[in-house]
Protein chains: 2
Amino acid sequence: MDEIDKKILTALQQDARTTHKELSAIAGISTTPVYERVKRLEREGVIKRYVALLDKKKVGKALTVISMVTLKSHKKDVIDKFHEHVLAMPEVMECYHMAGNYDYMLKVLVNDMEEYQKLLVEDLARTEAIANIQSMFVMGEVKQETAYNL
Amino acid sequence: MDEIDKKILTALQQDARTTHKELSAIAGISTTPVYERVKRLEREGVIKRYVALLDKKKVGKALTVISMVTLKSHKKDVIDKFHEHVLAMPEVMECYHMAGNYDYMLKVLVNDMEEYQKLLVEDLARTEAIANIQSMFVMGEVKQETAYNL
DNA sequence: GTTGAAAGAAAAGTAGG
DNA sequence: CCTACTTTTCTTTCAAC
């Protein structure tokens, strides 16, 4: 990955619809090698996918909750079951296994507090593996970026 | 936003390169109204942008850190300065204003622990507005999704 | 790496139902 | 909303340098 690749990736991270012509102007090379580089970066998995990002408020997902989860046990089968459960929940946008005080951090997106409460009481709290859930509510978004600085 | 819009948005959230022809098959309408709906959704801001998602490990961003920040004061100018600072830091991918024990949650992406330490000591800790930073390190990713369930 | 060309696909817009 | 058609643009591949 050289500087030209980085320029191409930076542009595509900002706008996936940047044409090869535009990329060639940005990268300073002609369209044919741009095409080959993009294909290579896709093939190598550096570019994972192209997606449309929606406005969460405009699709009704107004409430973001960060849930810190502690498990009852750290046996493999308990962990696997928890992972499976989380993967099946469409409201859970992100889930990280953490080092430190908590076992997992979940980013949950719901329409409102009522939906979160329902999710918590009827779904998460009923999950065998979970010992404790600490919910932190997002009041405002300062920054939300998907592009990595290369 | 009807069911057809939702089908279009769901497809584009998974793959921004889905063609109008493919969308017309998915949504059950012909290409012209698909084209018009997509344009409308873009114009209305429901679709914010199209982006390429990269493999963080393949671009060297191996370490994700969740930083919980407490400010010294909640005066407008202190808050504004903190926001400005965070927006200018390329390593900060997300920043949320929180309700509860902490004031802000930051998702920070760096190459390694050394880079994070440098960031913490030379940048964040030097920021006037910050009273305390609690760092939580991500050991593993269970789920990372950008598509909302419509 | 470059240019230029060419085939095919898709996007974008138009017209009529 | 539909079909059908047009124009323009982009993608993709090729040949030659």
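Proteins get letters first, then strands, A, B, ... in listed order; numbering begins at 1 in each. Just so we're clear, the structure is a prediction, and the values are computed from it rather than from any experiment.
Listed candidates were C:dA12, C:dA10, D:dT3. Nearest to the side chain of B:Pro33 is D:dT3. Of all nucleotides listed (C:dG13, C:dT3, D:dC2), C:dT3 comes nearest to the side chain of A:Thr32. Checked against D:dC10, D:dC2, C:dT3, the side chain of A:Lys21 finds its nearest nucleotide in D:dC10.
Contact annotation: B:His20 reaches the phosphate of C:dA11 (side-chain N/O to OP1 or OP2, under 4.0 Å). Regarding contacts with the backbone of C:dA12, a side-chain N or O of B:Lys39 is found under 4.0 angstrom from either OP1 or OP2.
Under the 4.5 Å side-chain contact rule for hydrophobic residues, B:Val138 and A:Ile79 do not share a cluster.
When the C1' atom of C:dT2 is taken as reference, atom CD1 of A:Ile29 falls 11 Å away, rounded to whole Å. Here the C1' atom of nucleotide D:dT13 and the OH atom of A:Tyr35 are 7 Å apart, to the nearest Å. The distance from atom CG of B:Leu23 to atom P of C:dA12 is 12 Å, rounded to the nearest whole Å. Regarding B:Arg17, its CZ atom lies at a distance of 12 Å from the C1' atom of C:dA10, rounded to whole Å.
Residue A:Thr19 is in sugar-phosphate contact alone, with no base atom involved, counting any heavy-atom pair closer than 4.0 Å across all strands shown.
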**OP:** Mind running side chain to side chain contact (heavy atoms under 4.5 Å, CB included) on B:Asp55 and A:Val46 for me, showing each step along the way?
**Re:** CA-CA 5 Å; B:Asp55 186 313; A:Val46 177; 5.7 Å; no

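A salt bridge is defined here as a Lys NZ or Arg NE, NH1 or NH2 lying under 4.0 Å from an Asp or Glu carboxylate O, and A:Glu42 with A:Lys39 meets this definition.
Residue B:Lys48 comes nearest to A:Leu54 through the heavy atom pair CE-O, 3.5 Å, listed as atom of the first residue, atom of the second, then distance.
Residue-to-nucleotide proximity on DNA chain C shows that, of B:Thr31 and A:Glu36, the 5′-proximal contact is made by A:Glu36.
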